[in-house]
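Note sheet for the following structure.
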Amino acid sequence: MKQKYVLIDCDPGHDDVMAILSTIAHPDIFHILGITTVCGNNLVPLITENILNVLHYIHREDIPVCMGAENPLVYPPSPQAAHGYNGLEGFEFPKHSLKTVQQDVISFMKEKILSSPEPVTIMALAPLTNIATLLQKEPTIIDHIEQIVVMGGSWYRGNVIPHAEFNIYADPHAAKEVFSGKVSTVIIPLECCDDCTISEATVQSWIHDERYLTKMVGGIMDFFAIYGRQHQRTRHTIFDLAVTEYLLHPEIFEGEYCNCDVILLGEETRGQTVFTTNPNSKILVLKHADTNRFEQQIISDINLLANEII
Ligand code: BDR
Ligand code: CA
């Protein structure tokens, strides 16, 4: 597979970390230009600290991190309890002295995209505030973007309010801008994520694996699985990991080209995505994934990294 130059925009976040680890496991496929953070699962200073902790733990201090938007475009921040008190509960990271790049996030993204030898893929694992602002302020940047792959939205239901998924609910104005159809975009909504699960047995295997990396992965996944266990589930959805796996194996996903509108208002509808079939659209909305291949890929990626990172 041709190498992909990627920018990861995230709010780590347990599933964000799994997506990032899986990306790091494939240096032959992914060249990571940088990681940007955005207000989402928790406030941006906290979730930025989470990614610095992870990169320090896995000895990848070379990957630049730039702190992004502290607030959504219009609404106030909406931190989520599901990720614990600090946005990445479940593992106590050792102290580090890593720092973020001291640059405005939009100029950081612009610089990374324009200096890339190939058009860039943006992996969007969080509310779309940074990406929408980039597209608004630098409209010609779209010529240098290969595609944006977004975990967000839903066909029929919600996970924070009846009709909206969290990443779009948190900043619907940003989503409306990004989904306006100017850039090739892949949307991975909740219903596709229903197929992007790992079993409780896989989580347990990481918890009981004493290798350096799996101590961390087991800790954060054990915490992330609490919600599913409380709801008698034996499989756990690793939402953002779907973005990495789509880029690795698009053939295990299926979807349909659509226009996407975003509802901006309403107690039950703020952040609702409305998909309308349009074969000429630049937006591919996914519907299904091969669960078995999804799970086997992350098991293999974590095993590979756990043997390498000590
Ligand atoms: C999305 O919200 C966050 O909790 C996850 O990290 C994911 O990006 C799922 O709705
Ligand atoms: Ca996320």
Side-chain angles (χ1 to χ4, degrees), residues 6-23 35-44 46-51 54 65 67-69 72 75 77-90 122-131 148-172 174-175 178 186-198 217 220-221 223-228 231 233 235-247 262 270-273 285-286 289 294 298:
V6 298
L7 262 181
I8 305 177
D9 191 59
C10 58
D11 60 345
H14 300 73
D15 52 330
D16 303 65
V17 172
M18 297 305 280
I20 292 166
L21 290 175
S22 177
T23 308
I35 296 180
T36 50
T37 57
V38 64
C39 177
N41 290 333
N42 215 313
L43 301 180
V44 85
L46 268 181
I47 53 104
T48 305
E49 179 62 17
N50 294 341
I51 188 60
V54 170
V65 175
M67 187 160 99
Y75 290 116
S78 26
Q80 277 191 301
H83 295 273
Y85 75 97
N86 64 351
L88 186 62
E89 201 172 329
I122 301 180
M123 300 170 64
L125 316 179
L128 295 162
T129 320
N130 290 338
I131 301 169
I148 305 175
V149 184
V150 180
M151 188 280 123
S154 63
W155 284 95
Y156 311 110
R157 61 171 216 261
N159 64 353
V160 279
I161 58 168
H163 300 292
E165 179 278 332
F166 174 76
N167 287 341
I168 309 305
Y169 166 84
D171 196 343
V178 174
V186 178
I187 300 179
I188 312 181
L190 282 180
E191 293 81 359
C192 180
C193 290
D194 288 344
D195 294 335
C196 299
T197 60
I198 60 170
V217 170
I220 65 171
M221 283 296 101
F223 182 88
F224 200 50
I226 291 173
Y227 177 86
H231 292 81
R233 295 193 192 147
R235 300 194 66 84
H236 309 289
T237 311
I238 316 296
F239 305 90
D240 294 336
L241 178 59
V243 170
T244 310
E245 294 221 9
Y246 172 77
L247 290 167
V262 180
R270 166 184 148 186
Q272 179 176 355
T273 44
V285 188
L286 302 184
F294 178 89
I298 189 62

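Please read these numbers as outputs of a predicted model, since none were measured by experiment. Ligands are counted one by one from 1 in listed order, and the atoms in each one are counted from 1 as well.
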> Any N/O/S atom of L125 sitting less than 3.0 Å from the Ca ion (ligand 2), backbone or side chain?
Replying inline: yes
> Taking both backbone and side chain into account, is any N, O or S atom of D240 nearer than 3.0 Å to the Ca ion (ligand 2)?
Replying inline: yes
> By atom name, which N, O or S atom of D11 is the nearest to the Ca ion (ligand 2)?
Replying inline: OD1
> Judged by atom type as modelled, is there a donor-acceptor pair below 3.5 Å linking the side chain of D240 to the main-chain atoms of A19?
Replying inline: no
> Is the closest basic N to carboxylate O distance between D194 and R157 below 4.0 Å?
Replying inline: yes
> Between H83 and ligand 1, which residue portion shows a heavy-atom distance shorter than 4.0 Å: side chain, backbone, both, or neither?
Replying inline: side chain
>> Using a 4.0 Å heavy-atom cut-off, which part of V160 comes near ligand 1: side chain, backbone, both, or neither?
In response: neither
Side chains of [X] and [Y] in contact at under 4.5 Å (non-hydrogen atoms):
X	Y	value
Q272	I161	no
I131	L128	yes
Y246	V186	yes

>> Evaluate L125 for polar contact with ligand 1, using N/O atom pairs at a separation under 3.5 Å.
In response: yes
State the atoms of ligand 1, each with its element, that fall below the 4.0 Å cut-off from a heavy-atom position in [X].
X	answer
Q80	2 (O), 3 (C), 4 (O)
N167	1 (C), 2 (O), 7 (C), 8 (O)
M151	1 (C), 7 (C), 8 (O), 9 (C)
D16	6 (O)

Protein contact of [atom] - nearest heavy atom, named by residue and atom, plus distance:
atom	result
atom 1 (C) of ligand 1	E165 OE2, 3.4 Å
atom 3 (C) of ligand 1	N41 OD1, 3.2 Å
atom 8 (O) of ligand 1	D240 OD1, 2.6 Å

> Is it true that the side chains of T237 and T197 contain a donor and an acceptor less than 3.5 Å apart?
Replying inline: no
> So, T37 and T48: side-chain donor and acceptor under 3.5 Å apart, yes or no?
Replying inline: yes
>> Just to be sure I'm reading this right: ignoring hydrogens, which of I238, D11, N42, D15 gets closest to atom 5 (C) of ligand 1? Compare them by their nearest heavy atoms.
In response: D15
> For the atom pair SG (C10) and CG (D15), what is the distance rounded to the nearest 0.5 Å?
Replying inline: 10.5 Å
> With H83, which of Y227, F224, F223, F239 fulfils ring-ring contact (aromatic ring centres under 6.0 Å, His included)?
Replying inline: F224
